[in-house]
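Notes to accompany the following structure.
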Protein chains: 2
Amino acid sequence: MEKQTTIKDIAIALNISTSTVSRALRDAPDVKAETKAAVKALSDKLDYQPNRLALSLLNRQTNTIGVIIPNLDYVLATMVKGIDEVALEAGYTVMVCQSDESYGREIVNTKRLLDSLVDGFIVSVSSETKIFEHIKKIQDKKIPLVLFDRIVNNIAAPKIRLDNIDGGVQATEHLIEQGYKKIAILAGPENLNISNKRMEGYLQTLKTHSLRADKGHIIHCDFNQQYAYEATKELLASKNRPDAIFTISDRMAIGAMLAIKEKGLSMPHDIGLVGFNNEPIVSLVTPAISSVEMYAFEIGKATARAYIEMMSGAAGMSDQEIIIKPKLFIRTSSKRR
Amino acid sequence: MEKQTTIKDIAIALNISTSTVSRALRDAPDVKAETKAAVKALSDKLDYQPNRLALSLLNRQTNTIGVIIPNLDYVLATMVKGIDEVALEAGYTVMVCQSDESYGREIVNTKRLLDSLVDGFIVSVSSETKIFEHIKKIQDKKIPLVLFDRIVNNIAAPKIRLDNIDGGVQATEHLIEQGYKKIAILAGPENLNISNKRMEGYLQTLKTHSLRADKGHIIHCDFNQQYAYEATKELLASKNRPDAIFTISDRMAIGAMLAIKEKGLSMPHDIGLVGFNNEPIVSLVTPAISSVEMYAFEIGKATARAYIEMMSGAAGMSDQEIIIKPKLFIRTSSKRR
DNA sequence: AGCGTTACCGGTAACGTTATCGGAAATTAT
DNA sequence: ATAATTTCCGATAACGTTACCGGTAACGCT
């Protein structure tokens, strides 16, 4: 690693002071045009780039956003892409850290970024996280914080998220409308907000239609395909077999689909199936799976915009909540009318 | 954003010098145990964290790796996960920038990170990139650089990549063995190294078996599903219709699959299909698609390891090339014997 | 000629940290 | 008791940059 050219190098070469070089580079009015030209010529020649560390240290801001996410699955990668796009545009650099759904790593990541590396955070908490001291610590230090997707309710910060309840409602309404009566739900871990909200929509809709959810039809399982597969196998073997399943993610829907196929049952005839996220994959499997689109890219962009607005000192952001409306895409797996 | 506690705050509070505080915190031998205890107690109480900017400025190193990738699709996200894991373990922070397959954004990203933000690069070039001046500039400044996955041949840096030729060979050998005679290939953009290498394996294998590739059976198209779908439609409508297709990505295989199904042809009977990457999706579609596993996570980890080794001053890294062997997973789409 | 004004530039401090040097006090050795 | 050593700590400079203050020279005005 070679020494980068600094303002000092230029100053010495031109036999002027660093102050003047600095001013010349910033096009300050009180520098002779001639001097400016010389400085600029030399700085181009030496490929001078200001040292951002020094600037950050001086100005106490890094123009870097710390983004902490639980993983890089399709949905989150799409959201990050949205964040990235808007942030880059606005001159921010983004630092993405994966917590890998681990509470411990989430804390480590937060701590590291807190070492004056970033001047704000955009966070989606891991499914394992039940204690939010590390998040609160961010706020204690008065560092801007925006939450997205997997938000935390009792923290006062701008929140950008899907209307998860509505997603649950849309999915369940649709299944009922298609004539399904015994609708089961494959939910995520019990403390996962987004899962609970989707379930809330589900329960609420059942109630509206005077249907009752069998206790055995509400399954909490880990957020992945394998668990969903096994849970579905059990569901299908149970006495009171459901005639439809709503899963709160597409990966879980795929797991369910495999179990259903294996059992020799047909969709949508014997069993209806609706997933969540509307990942590309769901339209490629057979049968194509209905799914709730959550507009991840939009959520990402809105998140970055909220962050920028917050940084620009907008007031009353802490209780702002941007809620994106989901939309159900109906496909073969649940369409029997 | 509140003022962080600094070493100075502690020094003033305890009426000692900042030097002593610094030493006490680093457990230097020449500090009284009593003083050390006092400093540590107060630093805990004030939640002191050293300012990494100041340290980086002083030591001329940031312990941050700049990772530049073209996008965050399944394969690259998996690789990043591998990089992340190893890097975090070794105390590095990772800065991921997406170029979004754009040459321009790749340059912008490189430039930004070059502003003394990172002390080394891990790069996978975008498919649009044909000029590598920005990469060479990294090396001109003697900044460590590791290339992975989409490497650039005429740049002297450690390279970690798949044995793409072998992947092409495995896929093609398999198709020939299954009795397919007229094997087409859906390749990526013409300047994309990984695509060309996979194609090289394909051509090489045809030659071994004294088969000739019809010129019309070699298609270059963009790296996505839609283009592959359309290219396949054309292929299937052509006079000399192929009886097998090898695509250099799974997303392209999916596109091909859709076109084949639409045409009413059956796999593996009428047409054999083999993809590349072995993404989870390929075992979920019907028919399940054979695909070449590229061990993305391993590649990511190996990349980070090479980077760390390089940083530790290991010699002769610049001509090191780590080549991971792929492995074909055979599924319904191509198994007719 | 003397004064004020303008144009231009340099010096210094500061951001937070540590390495280096040097020095005072305390301890040990003679 | 004095010298020699050890123990402990403080001051300073440095990393690269800019804000701020100040100063010199040239110019214009009366």
Side-chain angles (χ1 to χ4, degrees), chain A residues 1-40 42-43 46-64 112 114-119 141, chain B residues 1-40 42-43 46-64 112-119 141 143:
Chain A
M1 204 168 1
E2 231 165 30
K3 206 179 147 297
Q4 288 268 61
T5 17
T6 73
I7 233 170
K8 203 173 167 185
D9 300 328
I10 301 179
I12 293 176
L14 296 179
N15 203 23
I16 54 180
S17 76
T18 56
S19 313
T20 305
V21 177
S22 170
R23 273 181 298 229
L25 289 172
R26 276 169 304 123
D27 238 339
D30 54 350
V31 178
K32 220 197 307 178
E34 194 185 337
T35 314
K36 267 187 201 174
V39 168
K40 281 179 185 166
L42 190 58
S43 99
L46 297 182
D47 193 31
Y48 168 77
Q49 280 192 285
N51 186 317
R52 266 180 70 177
L53 290 176
L55 283 176
S56 298
L57 186 60
L58 197 58
N59 303 328
R60 285 207 203 68
Q61 65 166 336
T62 60
N63 282 316
T64 303
R112 287 224 185 158
L114 224 43
D115 298 351
S116 329
L117 284 185
V118 302
D119 35 40
K141 304 206 176 198
Chain B
M1 205 171 358
E2 232 166 30
K3 204 179 150 299
Q4 289 269 58
T5 18
T6 72
I7 232 169
K8 202 172 167 185
D9 300 328
I10 301 180
I12 293 175
L14 296 179
N15 202 25
I16 54 181
S17 77
T18 56
S19 313
T20 305
V21 176
S22 170
R23 273 182 296 230
L25 288 171
R26 276 170 305 125
D27 237 340
D30 55 347
V31 177
K32 222 196 306 180
E34 196 186 336
T35 314
K36 268 186 200 174
V39 168
K40 282 181 184 165
L42 189 57
S43 99
L46 297 182
D47 194 30
Y48 168 77
Q49 281 191 286
N51 186 317
R52 267 180 69 177
L53 290 176
L55 283 176
S56 298
L57 186 61
L58 196 57
N59 304 326
R60 284 205 206 70
Q61 65 166 333
T62 61
N63 283 316
T64 302
R112 287 221 186 161
L113 295 187
L114 225 43
D115 298 352
S116 327
L117 283 185
V118 302
D119 34 42
K141 305 208 176 196
I143 294 175

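To find a chain, count down the sequence lines: A is the first, B the second, and so on, and within it residues start at 1. Not measured: the values here are computed from a predicted model.
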Taking [X] for its side chain and [Y] for its backbone only, find out whether a donor-acceptor pair lies under 3.5 Å.
X: B:Gln4; Y: A:Leu114; result: yes
X: A:Lys36; Y: A:Ala28; result: yes
X: B:Asn51; Y: B:Leu53; result: yes

- Result for 5'-nearest mapping on DNA chain D, choosing between A:Ile7 and A:Asp30, is A:Ile7
- When you match B:Leu57 and B:Ile16 each to their closest nucleotide on DNA chain D, which lands nearer the 5' end? B:Ile16
- Message: Please evaluate residues A:Arg112 and A:Leu117 with respect to the criterion side-chain contact (heavy atoms from CB on, under 4.5 Å), reporting the C-alpha separation (whole Å), side-chain torsions for both, the decisive distance (0.1 Å), and the verdict.
- Response: CA-CA 8 Å; A:Arg112 287 224 185 158; A:Leu117 284 185; 5.6 Å; no
Could you tell me how far apart [X] ([atom1]) and [N] ([atom2]) are, to the nearest whole angstrom?
X: A:Leu58; N: D:dA14; atom1: CG; atom2: C1'; answer: 15 Å
X: A:Arg52; N: D:dT17; atom1: CZ; atom2: P; answer: 13 Å
X: B:Leu55; N: D:dA14; atom1: CG; atom2: P; answer: 19 Å
X: A:Gln49; N: D:dT17; atom1: CD; atom2: C1'; answer: 15 Å

- Task: Check step by step if side-chain contact (heavy atoms from CB on, under 4.5 Å) holds for B:Val21 and B:Leu14.
- Result: CA-CA 9 Å; B:Val21 176; B:Leu14 296 179; 5.6 Å; no
- Task: Check B:Leu42, B:Leu46, B:Ile10 against B:Thr5 for a side chain to side chain contact (heavy atoms under 4.5 Å, CB included) and give me the one that passes.
- Result: B:Leu46
- Any N or O donor-acceptor pair linking the side chain of B:Ser17 to the base of D:dA11 at under 3.5 Å? no
Considering every strand and a 4.0 Å limit on heavy-atom distances, what is the contact class for [X]: base, sugar-phosphate, or nothing?
X: B:Leu53; answer: nothing
X: B:Thr6; answer: sugar-phosphate
X: B:Arg26; answer: sugar-phosphate
X: B:Thr35; answer: sugar-phosphate

- Students should find that the nucleotides of DNA chain C closing off the region near chain B, any atom under 4.0 angstrom from a heavy atom, are C:dG16 to C:dT20
- B:Ile16 vs B:Val39 side-chain heavy atoms within contact, under 4.5 Å: yes
